[in-house]
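Okay, structure first, notes after.
Note on naming: letters A, B, ... go to the chains in the order of the sequence lines (proteins, then strands), and numbering restarts at 1 for each one.
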Number of protein chains: 2
Amino acid sequence: MKPDSPNGAHSYCGAAREILTIIGAKWAVLVVSLLDEKPRRFSELKREIGDITQKSLTSVLRELEKDGIIERVVTPTVPPRVDYSLTELGRSLLVPIKALRLWAMENHPAVVAARERFEVKTAA
Amino acid sequence: MKPDSPNGAHSYCGAAREILTIIGAKWAVLVVSLLDEKPRRFSELKREIGDITQKSLTSVLRELEKDGIIERVVTPTVPPRVDYSLTELGRSLLVPIKALRLWAMENHPAVVAARERFEVKTAA
DNA sequence: CCGTATCATGAAGGTGCCGTCTTGCGCCTT
DNA sequence: AAGGCGCAAGACGGCACCTTCATGATACGG
């Protein structure tokens with residue numbers, strides 16, 4: 001997601017969008033949610049998500065690490081072992097994420113219905 | 001933002017991402033926030049946001065209308081007048097949006113600090 | 001010795017969002 | 001008759017994200 005320049009009158013929206021650039025990444029919410037349950041290894045994450053490629057997983061994890069959301073611990077055994085876990089900051093991020101999930105679950109039907117109404121209306 | 005296929009074990013994350021495809025649009029949060037203060041005309045929104053193009057504004061508004069977040073009322077005067085306002089669904093969306101904004105304002109410094117630490121660490 | 005397991009990186013291509021520019025429409029003012 | 005105003009939509013290009021495919025490093029088991 002692309003960064004923004006802050007908006008004058010409503011700069012807090014710029015702040016909101018900054019976090020959206022974090023959790024807006026395709027797999028970010030899922031990864032954070034999984035790491036909330038318990039810390040996991042790279043390969044565990046990959047296996048449980050299933051549809052993700054190594055490349056993409058590496059990429060999300062890097063981003064989240066960069067932003068201080070998760071911690072990356074390398075154990076230099078062979079083969080290497082890499083463990084990921086949420087930081088304190090990451091756990092605090094679960095608050096808005098859960099708000100998001102709640103709204104989504106409660107209102108998903110309403111959104112779908114609205115889209116159908118819109119289809120009908122614009123078909124005319 | 002691109003849609004997803006639901007993930008088996010954590011389908012609620014798919015739901016969360018659906019809403020992210022809504023408010024993840026570059027100007028969506030700002031537009032919804034402005035319409036929360038009061039209903040506004042197209043040209044008002046454009047003027048107050050400032051940096052947005054007509055094309056982009058039209059585009060966000062269409063999307064939000066499609067998803068049932070905002071309502072669009074055309075008054076066929078000349079020149080035409082178009083008023084936008086939040087629906088009930090849209091107002092409910094403010095709950096997660098505000099959670100997002102709050103987190104962003106509280107933790108923006110921590111994120112910036114983490115990024116700097118990351119820079120230093122990877123430079124080595 | 002060679003394959004394998006674990007994690008990471010790089011190039012290349014598709015796709016969708018967003019911005020710029022242009023066009024259109026409908027009636028008013030000048 | 002010409003141009004402006006308020007809103008929308010089209011073609012077009014850039015850019016970021018995501019995916020696919022290929023490669024690499026390392027040391028253990030067979």
Set of residues satisfying side chain to side chain contact (heavy atoms under 4.5 Å, CB included) with respect to [X], sequence neighbours excluded:
X: Glu44(A); value: Lys38(A), Arg40(A), Arg41(A), Arg47(A), Glu48(A)
X: Val95(B); value: none
X: Ala99(A); value: Pro96(B), Ala99(B)

Would you tabulate the pairs of protein nitrogen or oxygen atoms and nucleotide nitrogen or oxygen atoms of nucleotides 26-30 of chain C closer than 3.5 angstrom?
none

*Do any of residues 32-43 of chain A sit with a heavy atom less than 4.0 Å from DNA chain C, and if so which?*
Arg41(A), Phe42(A), Ser43(A)
_Close approaches to DNA chain C from residues 54-74 of chain B, in residue order (heavy atom, under 4.0 Å)_ = Lys55(B), Ser56(B)
Shortest non-hydrogen contact from [X] to [Y]?
X: Leu20(B); Y: Gly24(A); answer: CD1-CA, 4.5 Å
X: Val29(A); Y: Ile97(A); answer: CG1-CG2, 4.2 Å
X: Ala25(B); Y: Val60(B); answer: CB-CG1, 4.4 Å

Separation of [N] [atom2] from [X] [atom1] (nearest whole Å):
X: Leu20(B); N: dC17(C); atom1: CG; atom2: P; value: 14 Å
X: Lys46(A); N: dA5(C); atom1: NZ; atom2: P; value: 14 Å
X: Lys26(A); N: dT20(D); atom1: NZ; atom2: C1'; value: 13 Å
X: Arg47(A); N: dT6(C); atom1: CZ; atom2: P; value: 8 Å
X: Ile22(A); N: dC17(D); atom1: CD1; atom2: P; value: 13 Å

_At 10 degrees resolution, what angle do the end axes of the helix from dC1(C)-dG30(D) to dT30(C)-dA1(D) form when each is taken over five base pairs?_
30°
Applying salt bridge (Lys or Arg N to Asp or Glu O under 4.0 Å), name anything that partners [X], two or more places apart in sequence or on another chain.
X: Arg117(A); value: none
X: Glu63(B); value: Lys66(B)
X: Glu71(B); value: none

*Hey, could you give me the CG/OG1 distance between Asp67(B) and Thr21(B), rounded to the nearest 0.5 Å?*
7.0 Å
*For residues 90-105 of chain A, pull every pair meeting side-chain hydrogen bond (donor to acceptor under 3.5 Å, both in side chains), keeping only residues two or more places apart or in separate chains.*
Ser33(A)-Arg101(A), Glu88(A)-Arg91(A), Ser92(A)-Trp103(B), Trp103(A)-Ser92(B)
*asked:* Run the side-chain hydrogen bond (donor to acceptor under 3.5 Å, both in side chains) test on Ser56(A) and Ser59(A) for me, step by step, so that the C-alpha distance in whole Å, both residues' side-chain angles and the decisive distance to 0.1 Å come before the verdict.
replied: CA-CA 5 Å; Ser56(A) 297; Ser59(A) 169; over 6 Å; no
Give the table of side-chain donor-acceptor pairs shorter than 3.5 Å for residues 74-86 of chain A, with sequence neighbours excluded, one pair per line with atom names and distance.
{"from": "Thr77(A)", "atom 1": "OG1", "to": "Pro79(A)", "atom 2": "O", "distance (Å)": "2.9"}
{"from": "Arg81(A)", "atom 1": "NE", "to": "Asp83(A)", "atom 2": "OD2", "distance (Å)": "2.9"}
{"from": "Arg81(A)", "atom 1": "NH2", "to": "Asp83(A)", "atom 2": "OD1", "distance (Å)": "3.4"}
{"from": "Tyr84(A)", "atom 1": "OH", "to": "Arg72(A)", "atom 2": "NE", "distance (Å)": "3.3"}

*Considering heavy-atom distances to DNA chain D, does Asp83(B) or Ile52(A) have its closest nucleotide positioned more toward the 5' end?*
Asp83(B)
